[in-house]
*Asks:* 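Below you'll find the structure I mean.
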Amino acid sequence: MSDWLIYRGAGAPHDGIEHLPPPPPWRDFDGGPLVAPPAALDPSSERRLGVQRREASHHRPGETERELVNAALYLRRPLLVTGAPGSGKSTLAHSVAYELGLGRVLGWPVVSRSTLRDGLYDYDAIGRLQDLQIARATPAAAESGTPAGTDPADEPGGGIGRYIRLGPLGTALLPSARPRVLLVDELDKSDIDLPNDLLNVLEEGEFRIPELERLSGSAPEVEVLSDDGAQVTVRDGRVRCRAFPFIVLTSNGERDFPAPLLRRCIHLHIPVPDKERLAAMVRAHFGEGADGRYEAVIDRFLDREPGDVRAVDQLFNAIHLTQKAGWTDEDEEETRRRLTAELMRPLDRTR
C-alpha cells in the first residue's frame, strides 16, 4: 500500500494522523489557544460509541474511497459522499475517526428545517431572561445571605455563557491540535439555502457569535458549553479552527448542490455494495461468521431486477428477524422465505 495514505481503511487504530503534512497555505488556519480534548463520555454515549467502533473496524473501503478520504485530509477540504441509502456513507466518518484516533464523531443530522445556526450554536435567550427575572425577584443577597454569584447578572458577561451551547459544526471548529470528525448527514434533505449558507464557514474555518461579540469589551472571554458537554472558552465572540476538521457531508442524491459548494469539496460516490462489502457489513452487525450463516439472504438481496432500489437496512431487518424468530424447521422455511421477500421488496415499488 502506498506510503502517502494516512487513512488506510484497515480497521485498526494507528498514529498515522501524526504524519499528516502541513496544509496548503490557503488552508492554513490560525485559531486561538488550543482547547482541551473532550472529557470522558457518559455510559450511554460510550455504549453507542462502542457499536460505532465495531462497525468502523469492519469497514473496508475500496481504493478510490481510501484515496479521496486522504485527499480531503491533505487538502483540508470537506468530503461530499453520495450514494444509495445504506451504502456506508455515514460509516466512513466513524471509520476515519476510529482508525486515526480522533475521538467521538460529531453528528449533525440535517432535516428540512435545519439552519446554519443550528450547526454552529444555540442561545437560550428566553431561559436567560427568565433566570434574570427570578434572581431579581429574590431578596437582596445581603439580606438573605445568598452569594452574589447566584444572580446571572453578577457574572462576567451577565452569565450569558450558561445559555450558549455550541452545535456539532461549532464544536468541530474549536481550535484543537487534532482535527475533529464531523458528520453532516443527509444534506440533500435541507432547505435550499443551507448549502449556500455553509460556504463561508467551510472556506474560512471560523464563525462569530454576535451575542458574545457585543460583550467583548467587558467580557472578552466567556465559558460556553460544547457539543461534547464540556466547558470551553470563546474569546471576543469568535471561534476559529486550528486543525480544520474532517467533515463528511452525505447525500442520497435527492437533489443537486450549487457549484460553489461542490468547488469547496472533494466528491466521493460510493456505489451499491457488492457481496464482499455486504458480507463485511453483516459481520459488523451480527458477529463473525454471520455472513456465512446468512449467505442465502445476502444473495437474495443482490438478486434484483435492473433499476430496483433497495437499502441495506432491509437486509439487516431480514437477517435480524430470521435470527430472533429462530426458524430452523423445514416447515418454517416457507415462512422465512416469504417474509424475507416482503422485507426486501424494492423501495420504488408500492405493490
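Heavy atoms only: backbone and side chains are in, while hydrogens, waters and symmetry mates are out.
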*Asks:* Are Ile160 and Leu212 packed together at the side-chain level, in the sense that at least one heavy-atom pair is separated by less than 4.5 angstrom?
*Replies:*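 Ile160 reaches Leu212 side chain to side chain.
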*Asks:* For the atom pair CG (Leu68) and NE2 (His267), what is the distance rounded to the nearest 0.5 Å?
*Replies:*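 The distance works out to 9.5 Å.
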*Asks:* Kindly say whether Pro109 contributes a backbone atom to a donor-acceptor pair with the side chain of Glu186 at under 3.5 angstrom?
*Replies:*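 No; judged by distance alone, with no hydrogens or angles, the pair does not exist.
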*Asks:* Out of curiosity, does Leu262 fall in the hydrophobic cluster containing Leu194 (side-chain heavy atoms, cut-off under 4.5 Å, transitive links)?
*Replies:*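 Result: yes, single cluster for both.
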*Asks:* Look up atom CG in Leu225 and atom CZ in Arg162, then write down how far apart they are to the nearest 0.5 Å.
*Replies:*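 Answer rounded to 0.5 Å: 12.5 Å.
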*Asks:* Any non-hydrogen side-chain atom of Pro13 less than 4.5 Å from a side-chain atom of Tyr98?
*Replies:*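 Yes, their side chains come closer than 4.5 Å.
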*Asks:* Shortest non-hydrogen contact from Glu213 to Arg208?
*Replies:*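 Where Glu213 meets Arg208 most closely, the heavy atoms are OE2-CD, 3.1 Å.
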*Asks:* One thing to verify: whether Glu295 and Arg300 come together as a salt bridge, which I'm taking to mean a side-chain N less than 4.0 angstrom from a carboxylate O.
*Replies:*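 Judged by the 4.0 Å cut-off on N to carboxylate O distance, Arg300 and Glu295 do not form a salt bridge.
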*Asks:* Closest approach of Leu249 and Pro78, non-hydrogen atoms and distance?
*Replies:*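 Taking Leu249 first and Pro78 second, the nearest heavy atoms are CD1-CB, 4.2 Å.
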*Asks:* For the pair Asp191 (side chain) and Arg113 (backbone), establish whether a donor and an acceptor sit closer than 3.5 Å, ignoring hydrogens and angles.
*Replies:*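 Not confirmed, Asp191 side chain does not pair with Arg113 backbone.
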*Asks:* Quick one, Val81 with Glu65, criterion side-chain contact (heavy atoms from CB on, under 4.5 Å). Give me CA distance, side-chain angles, the key distance, then yes/no.
*Replies:* CA-CA 10 Å; Val81 186; Glu65 192 172 333; over 6 Å; no
*Asks:* I'd like to know whether Asp197 forms a salt bridge (charged side-chain N to carboxylate O under 4.0 Å, His left out) with Arg117, so could you lay out the CA-CA distance, the side-chain angles of the two residues, the decisive distance to 0.1 Å, and finally the verdict.
*Replies:* CA-CA 10 Å; Asp197 293 341; Arg117 174 152 163 181; over 6 Å; no
*Asks:* Are side-chain heavy atoms of Met344 and Leu315 found at a separation under 4.5 Å?
*Replies:*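 They are in side-chain contact.
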*Asks:* What distance separates Lys189 NZ from Asn252 CG, expressed to the nearest 0.5 Å?
*Replies:*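 Nearest 0.5 Å value for the NZ-CG distance: 5.0 Å.
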*Asks:* Near Glu254 CD, under 6.0 Å, is it more than 12 heavy atoms from other residues, nucleotides or ligands?
*Replies:*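 More than 12 within 6.0 Å, yes.
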*Asks:* Whether Arg345 and Glu342 form a salt bridge (side-chain N of Lys/Arg under 4.0 Å from carboxylate O of Asp/Glu) is what I want to check.
*Replies:*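 Yes, charged N to carboxylate O under 4.0 Å.
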*Asks:* Let's go through Glu203 and Arg264 carefully: what are the C-alpha distance in whole Å and the side-chain angles of both, what is the deciding distance for salt bridge (charged side-chain N to carboxylate O under 4.0 Å, His left out) to 0.1 Å, and is it a yes or a no?
*Replies:* CA-CA 7 Å; Glu203 189 65 24; Arg264 289 166 169 81; 3.2 Å; yes
*Asks:* My understanding is that only residues two or more places apart in sequence, or in another chain, count here; which of them pass side chain to side chain contact (heavy atoms under 4.5 Å, CB included) with Arg235?
*Replies:*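 Pro33, Glu221, Thr233.
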*Asks:* If you look at every heavy atom in Leu343 and Ala318, which pair is closest and at what distance?
*Replies:*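 Minimum heavy-atom separation between Leu343 and Ala318: CD1-CA, 3.8 Å.
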*Asks:* Listed by chain and number, what are the side chain to side chain donor-acceptor pair (under 3.5 Å) partners of Glu18, not counting sequence neighbours?
*Replies:*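 Counting only residues at least two positions away or on another chain, Glu18 forms a side chain to side chain donor-acceptor pair (under 3.5 Å) with Arg178.
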*Asks:* Search all heavy atoms of Pro195 against all heavy atoms of Pro258 and return the closest pair with its distance.
*Replies:*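 What the structure gives for the nearest pair is CB-CD, 3.9 Å.
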*Asks:* Does the pair Glu204/Arg238 count as a salt bridge with the N-to-O cut at 4.0 Å?
*Replies:*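 No, this pair does not count.
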*Asks:* Is Lys89 reaching over with its side chain to a backbone N or O of Ala84, donor-acceptor style, under 3.5 angstrom?
*Replies:*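 Yes; at least one donor-acceptor contact below 3.5 Å.
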*Asks:* Does CG belonging to Asp256 count more than 12 external heavy atoms closer than 6.0 Å?
*Replies:*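 Counting neighbours around CG of Asp256, 12 or fewer heavy atoms of other residues, nucleotides or ligands fall under 6.0 Å, so no.
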*Asks:* Using a 4.5 Å cut-off on heavy atoms from C-beta on, say whether the side chain of Asp228 contacts that of Leu106.
*Replies:*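 Touching, per the 4.5 Å side-chain cut-off.
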*Asks:* Do Asp227 and Leu166 make a side-chain contact, defined as non-hydrogen atoms from C-beta onward lying under 4.5 Å apart?
*Replies:*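 Sidechains of Leu166 and Asp227: no contact.
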*Asks:* How far apart are the closest heavy atoms of Phe207 and Gly170, and which atoms are they?
*Replies:*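 Heavy-atom minimum between the residues: CE2-CA, 3.6 Å.
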*Asks:* Does Asp118 use its side chain to pair, donor to acceptor, with the backbone of Thr115 at less than 3.5 Å?
*Replies:*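 Between the backbone of Thr115 and the side chain of Asp118 there is a qualifying donor-acceptor contact (under 3.5 Å).
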*Asks:* Taking only Lys NZ, Arg NE, NH1 and NH2, and the carboxylate oxygens of Asp or Glu, determine whether Asp291 and Arg283 approach each other closer than 4.0 Å.
*Replies:*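 Looking at Arg283 together with Asp291, the answer is yes, because their closest N to O distance falls below 4.0 Å.
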*Asks:* After noting the C-alpha distance and the side-chain angles of Val105 and Val248, does the key distance pass the side-chain contact (heavy atoms from CB on, under 4.5 Å) rule?
*Replies:* CA-CA 10 Å; Val105 174; Val248 175; over 6 Å; no
*Asks:* Can you give me the closest heavy-atom contact between Leu302 and Pro273, atom names plus distance?
*Replies:*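 Heavy-atom minimum between the residues: CD2-O, 3.9 Å.
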*Asks:* Test your reading of the model: is there a side-chain donor-acceptor pair from Glu99 to the backbone of Ala10, 3.5 Å cut-off?
*Replies:*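 Yes; judged by distance alone, with no hydrogens or angles, the pair exists.
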*Asks:* Side chains of Leu187 and Leu261, heavy atoms from C-beta outward: is any pair under 4.5 Å?
*Replies:*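 Yes. Closest side-chain heavy atoms under 4.5 Å.
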*Asks:* Just how far is it from atom CD1 of Ile319 to atom CD1 of Ile298, taken to the nearest 0.5 Å?
*Replies:*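 Those atoms lie 5.5 Å apart.
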*Asks:* If we only count heavy atoms from C-beta on, is the Tyr123 to Ile209 side-chain gap below 4.5 Å?
*Replies:*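 No; the side chains remain at least 4.5 Å from each other.
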*Asks:* Could you walk me through whether Leu92 and Leu268 pass side-chain contact (heavy atoms from CB on, under 4.5 Å), step by step?
*Replies:* CA-CA 11 Å; Leu92 178 59; Leu268 166 65; 3.8 Å; yes
*Asks:* With a 3.5 Å distance limit and no angle check, can you tell me whether Thr171 reaches the backbone of Pro168 through a side-chain donor-acceptor pair?
*Replies:*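 Pair absent, no side-chain N/O of Thr171 close to backbone of Pro168.
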*Asks:* Can you tell me how far the CH2 atom of Trp108 sits from the CG atom of Leu120, to the nearest 0.5 Å?
*Replies:*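 That separation rounds to 6.5 Å.
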*Asks:* Take His14 and Leu100 through the side-chain contact (heavy atoms from CB on, under 4.5 Å) test and state the conclusion after the steps.
*Replies:* CA-CA 6 Å; His14 58 80; Leu100 299 183; 3.5 Å; yes
*Asks:* Between Tyr74 (side chain) and Trp4 (backbone), is there a donor-acceptor pair under 3.5 Å?
*Replies:*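 Checking the backbone N and O of Trp4 against the side chain of Tyr74, a donor-acceptor pair under 3.5 Å is found.
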*Asks:* Please list all pairs meeting salt bridge (charged side-chain N to carboxylate O under 4.0 Å, His left out) that have one or both residues in residues 20-30, counting only residues at least two apart or in different chains.
*Replies:*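 For residues 20-30, and leaving out neighbouring residues, the salt bridge (charged side-chain N to carboxylate O under 4.0 Å, His left out) pairs sorted by first residue read Asp30-Arg240.
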*Asks:* Tell me whether Gln314 contacts the main-chain N or O of Ala311 through its side chain, where contact means a donor paired with an acceptor under 3.5 Å.
*Replies:*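 Here the side-chain-to-backbone pair exists.
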*Asks:* Is there side-chain contact between Arg277 and Ile270, with at least one heavy-atom pair below 4.5 Å?
*Replies:*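 Contact flag for Arg277/Ile270 side chains = yes.
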*Asks:* How many angstroms lie between atom SG of Cys265 and atom CG of Leu199, to the nearest 0.5 angstrom?
*Replies:*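 Between Cys265 SG and Leu199 CG, I get 8.5 Å after rounding to 0.5 Å.
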*Asks:* Under 3.5 Å, is there a donor-acceptor pair between the side chain of Asp188 and the main chain of Ser251?
*Replies:*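 Not at all, since once roles are kept as given, no pair shorter than 3.5 Å links the two residues.
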*Asks:* Establish, from distance only, whether the side-chain atoms of Tyr163 and Glu211 form a donor-acceptor pair under 3.5 Å.
*Replies:*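 Glu211 and Tyr163 do not have a side-chain donor-acceptor pair below 3.5 Å.
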*Asks:* Should Val272 and Val282 be counted in the same cluster of Ile, Leu, Val, Met, Phe, Trp and Tyr side chains packed under 4.5 Å apart?
*Replies:*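 They do not share one cluster, since no chain of ILVMFWY contacts under 4.5 Å joins Val272 to Val282.
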*Asks:* Classify the angle between the aromatic ring planes of Phe286 and Phe316 as parallel (below 30°), tilted (30 to 60°) or perpendicular (above 60°).
*Replies:*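 Judged by the thresholds at 30° and 60°, the geometry between Phe286 and Phe316 is perpendicular.
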